[in-house]
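A short worksheet on the structure shown next.
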Amino acid sequence: MNRPIRNIAVACLVLFVALLLNINYVQFVQADSLNAKNGNKRVINEEFSRDRGAILVDGKPVAESVKASDEFKYQRRYPEDGLYAPLTGYFSYIFGRGGLENSQNRVLSGSDNRLFVNRVVDLVSNKKAKGGSVDLTIDPLAQKAAAEGLERLGKNTKGAVVALDPKTGAVLAMVSQPSYDPNLLASHDFTAVQKSWNSLTSDKDQPMINRGTQQTLPPGSTFKLVTAAAALENGVVDNIDDKIKAGALLKFPGIDYTLPNENGGNCGGDKITLERALNVSCNVAFGGLAGEIGQEKLAEQAAKFGFGTDPIDGIAANPSRFAAGDQTLEAPQLAQSGIGQFEVASTPLQMAMVAAGIANGGDVMKPYVVKTVRAPDLRVLDQTSPERLSQAMSGSNSAKLREMMISTVTNGTATSARIAGVDVGAKTGTAQSTPDRPPYAWFVSFAPAGNNPKVAVAVLVESSDTVRSEIAGGALAGPIARSVMEAVLGK
Amino acid sequence: MASVTTPAWVPRKRRGAEFALTVLAVFIGIAAYASVGLGVEGTIPADTYKLGAALIVVAIATHLIVRRVAPYADPVLLPLVIALNGLGLAMIYRLDLGRQQINPDRAAFANSQLVWTALGVVAFAGILILVRDHRRLQSLTYTFGFAAIALLILPLLPHFGRTINGARIWVNFGPFSFQPGEAAKVCLAIFFAGYLVVKRDALALAGRRVLGIDLPRGRDLGPILAGWLISVGILVFQRDLGSSLLFFGLFVVMLYVATERPGWLIVGAGLFGIGAYFGYLAFGHVRVRFDAWLDPFSDPDANGQIINGLFGLAHGGVLGKGLGQGSPQLTPFSFSDFIAVSMGEELGLTGLMAILLIYGLIAERGLRIALTCRDAFGKLLAAGLAFSFALQVFVVVGGVTRLIPLTGLTTPFMAQGGSSVVMNWAIIGLLLRISDQTRRPAPEISSFESDEETQVVKLS
């Protein structure tokens, strides 16, 4: 009977080898993919029990972890409530992460490969792993000014402000209203979190959308900056004093459609200078220019400013567009596109990039919000260095455009952005949407105009309590842009 | 076997080696308990002394009993079992703490497990002391057979039986509930061994050659069919997949060992396949288990347990979270069926491999006892017990680690549950008894010397 027993022994060996191979497969080969699975409470619990790193603005946390007495040991806290929510996003047990909490999670949670040594040291010294911190480029005063500006328009205002440093692309302010309080989602009271989440996601005003980067709307007259840039770059107009066709109506031969000016009036003669056309935001003039430039070149110019790309890393953003898909525009559609209507749709971030590119001698810098990434011991792991996205226009042409924008502030539609002692360039926009809803008020500006620009701002007021007839980019959005610029300039 | 007068080899008792290994095993248990306290609460728990003392008492008691009544027994088995039992106790205590963190009303199991361990040691000692020669069990072959069937039927009786988690395999036993199936397994093994020792020649020699395989005669197929039907019967009435597989595997393998005919294995495998297919078609819960095995993530709500187990294993990774520092309590039944996964989470791949090696060594020592045993009954019994032990570990650990579909079986010596602990200690007692008989020098041989002409030496 010994032979069968030996065979049985071999069979048992096979069984145990199978068990050993299988646990090696599960615990070694499959471990990472299992840990990354949805609903893996162990990983979520562990993350919640960690001393997660802070997100800092000017050295002060806008997201931080404080000790908690419950089973998770730490509580995520957002000291500024909703002010920085479009950037920080949320950190929720049930609903996961959003914004920078999500994109910077590896550093914040301490699982980043660059923190490997820290983890080993923590392991050996029997300490709990700690997360690194993330420094933002935001100027807290500009951020506050932007938020207060939107709030002044009333509680029901929907809108966004994006301010950039034209020379680097650093985001100085990014505000979206209405916002939400990420503290509500970070709570350890999960039924309350569920309630908050339900009310936030069912809110028709979509408070969890970052209107600065995700909301694409017709930019209206602010897009005339792109049209003007294309005209200069392609030699359609050489100088800002060159006269171009204006008038009260733009007609298209053989087509039963005319493009009027904003209030149906004349722009100041049948022919006006390019500068004057921008100052008074003449639809007829820019619609005509768009026709002369042609769809291809106009689209190219828009792309150079960043249209069609996802311009920013780390936070959710939608690309802006010049035309829908590959469609070929009819003459009236091209004219409308030239004044920022028809299918043109842009985010406030995109329009801020346009203003920043013009202010920065034609160079569009890639926007970024993360300045430095640090290990728990404050050692710098990563520092974002400014990166040029494209050269949208030549230096001389950008200087011409700047001059036009400055005169738009001094004696055009953008007087609301005037700051004493500083050259400010700006452009207003009032974009029609559908007849049954109020137009969008836009404002883009930069200051100071010159070799050393400090700030470029785009303001979008999607809707507010203001009466419809009063809505205009200059009146609604201009003061907000001014207060943001003043905050950055320290005025 | 030429010279029966002068044994060529006198086995050493090796009780000293056993003692040294036992000290190591006790240390592992106490250290595990202390690290649970350090991991969960930051201090060495006051209970460490209680458990440490209990483990030391268990170790000394079992060691002394073996020294006294089975001095030639295998020296490795006992320390292996003490190490597993100690680790299991520490993990059950750890899971008590973890589960009560979630809900303070959850029952604590560590103390009752300690009581069951003590009862297991009593059973172990009882077998070693009462059964001085395992061959005497052979005369009770049919008694054990009837006892096994009675035990299996017990849970189906109206007043005693209880259905827990869909399986009707429990009986109320005062304040405790008991799984008679565990005891039935040992009774069946004794019954099979006794029966096969008598019938093996008929089974082995009378047969027909079909396709190059020696198949047994139709009328000899009766016992294996009966064994198979009993296991299917258990499956049908008690919804206990694991035990039916275990009993069937035990029977087929013992039949194979007794007859040395691989044909039995093929017949057995075929019948198992038919049974499994029938089970899959006929029973929803079999299908659910099978589908959960193929793709657990297709229905995360229904397959939460196996998914949680996999998450736990992955969470532990190669080195584990450390005792008390993982979250094994998140897995349902982490203290019983899934205790291997709990170990894998906190001790890691390395720890779980070590535990599997301990199990493997126990099976290996059991089979070695079967190999060296001189009498056919002991050989069969040891081989059956060792194989069913290995099969049980394979089915339960393979089930919770998703090597094979999940079936409900206990993890020997570690899982919370009294019947399992007691009966596994009893099995170890039986194996040590056989091993003692095997390794003991046979002095009585000399009495035949004067009557050499009439000597009958039965060679197994």
Side-chain angles (χ1 to χ4, degrees), chain A residues 1-50 69-73 93 111 116 119-120 122-129 188 190, chain B residues 101-102 200 253 256-262 265 297 300 304 307-308 310-318 320-321 326-327 330 340 344-345 348-350 352-353 356-357 359-360 363-364 366-368 370-371 376 379-380 382-383 386-387 389-391 393-395 397-398 401-404 460:
Chain A
M1 290 200 290
N2 280 354
R3 204 172 49 87
I5 293 176
R6 287 206 173 86
N7 289 342
I8 295 299
V10 172
C12 289
L13 181 71
V14 169
L15 293 184
F16 277 96
V17 168
L19 285 180
L20 290 172
L21 287 178
N22 182 57
I23 58 168
N24 272 277
Y25 177 66
V26 173
Q27 294 198 271
F28 184 68
V29 179
Q30 274 196 319
D32 284 343
S33 74
L34 284 171
N35 282 334
K37 286 250 189 231
N38 279 334
N40 191 333
K41 266 179 98 177
R42 285 179 170 81
V43 176
I44 303 171
N45 281 345
E46 191 173 67
E47 245 177 31
F48 257 72
S49 310
R50 253 190 224 171
S69 49
D70 57 15
E71 57 170 315
F72 296 117
K73 302 194 179 72
Y93 186 83
S111 59
F116 180 75
R119 280 205 302 277
V120 172
D122 286 342
L123 187 72
V124 172
S125 56
N126 201 23
K127 273 192 222 147
K128 282 263 175 197
H188 292 180
F190 299 144
Chain B
Q101 231 167 34
I102 299 173
R200 55 189 286 249
V253 161
Y256 166 59
V257 172
T259 60
E260 306 193 22
R261 288 282 181 273
L265 292 180
F297 293 100
I307 290 177
N308 242 310
L310 290 174
F311 282 167
L313 287 173
H315 195 231
V318 173
K321 288 284 146 188
S327 318
L330 292 178
E345 178 170 355
L349 173 61
T350 40
L352 188 51
M353 286 206 289
L356 285 177
L357 286 179
Y359 279 123
E364 187 265 339
L367 288 166
R368 170 184 289 245
L371 269 181
K379 244 179 163 44
L380 267 174
F387 175 75
F389 186 87
L391 187 61
V393 172
F394 175 76
V395 168
V397 177
T401 60
R402 208 182 144 232
L403 178 62
I404 56 171
S460 46

Which region of B/Gln101, side chain (C-beta onward) or backbone (N, CA, C, O), has a non-hydrogen atom less than 4.5 Å from a non-hydrogen atom of chain A, or is it both or neither? neither
Selection from B/Gly398, B/Ala363, B/Gly344 maximising heavy-atom pairs under 4.5 Å formed with chain A: B/Gly344
Output the option from B/Pro300, B/Gly312, B/Ala382 having the highest count of non-hydrogen pairs under 4.5 Å with chain A. B/Gly312
Residue part contacting chain B, namely of A/Asn40, when any heavy atom lies under 4.5 Å: both
So, A/Gln30 side chain and B/Ala314 main chain: donor-acceptor pair closer than 3.5 Å or not? no
Which region of A/Asp32, side chain (C-beta onward) or backbone (N, CA, C, O), has a non-hydrogen atom less than 4.5 Å from a non-hydrogen atom of chain B, or is it both or neither? neither
B/Leu357 portion near chain A, given a 4.5 angstrom heavy-atom threshold: side chain
Assert top hit (heavy-atom pairs under 4.5 Å, partner chain A, pool B/Leu310, B/Leu330, B/Leu391) equals B/Leu330
B/Asn308 and A/Lys41 side chains, donor-acceptor separation under 3.5 Å: no
Hey, does the side chain of B/Glu345 reach the backbone of B/Ser327 with a donor-acceptor pair shorter than 3.5 angstrom? yes
Greatest number of non-hydrogen atom pairs under 4.5 angstrom with chain A, of B/Leu356, B/Leu367, B/Leu371, falls to B/Leu371
Do B/Val257 and A/Asn7 touch side chain to side chain, with heavy atoms closer than 4.5 Å? no
Determine the interplanar angle of the A/His188 and A/Phe72 rings, folded into 0 to 90°, and report it as parallel if under 30°, tilted if 30 to 60°, perpendicular if over 60°. perpendicular
So, the side chain of B/Lys379 versus the backbone of B/Ala370: is there a donor-acceptor pair under 3.5 Å, distance only? yes
Interface moiety of B/Tyr359 toward chain A, non-hydrogen atoms closer than 4.5 Å: both
Interface moiety of A/Ala18 toward chain B, non-hydrogen atoms closer than 4.5 Å: both
Measure distances from B/Ala383 to the heavy atoms of chain A and classify the residue's part below 4.5 Å as side chain, backbone, both or neither. side chain
Chain A contacts, top residue of B/Thr401, B/Leu403, B/Leu265 (heavy-atom pairs, under 4.5 Å): B/Leu403
Closer than 4.0 angstrom, basic N to acidic O: yes or no for A/Glu46 and A/Arg50? yes
B/Arg402 CZ: over 12 foreign heavy atoms closer than 6.0 Å: yes
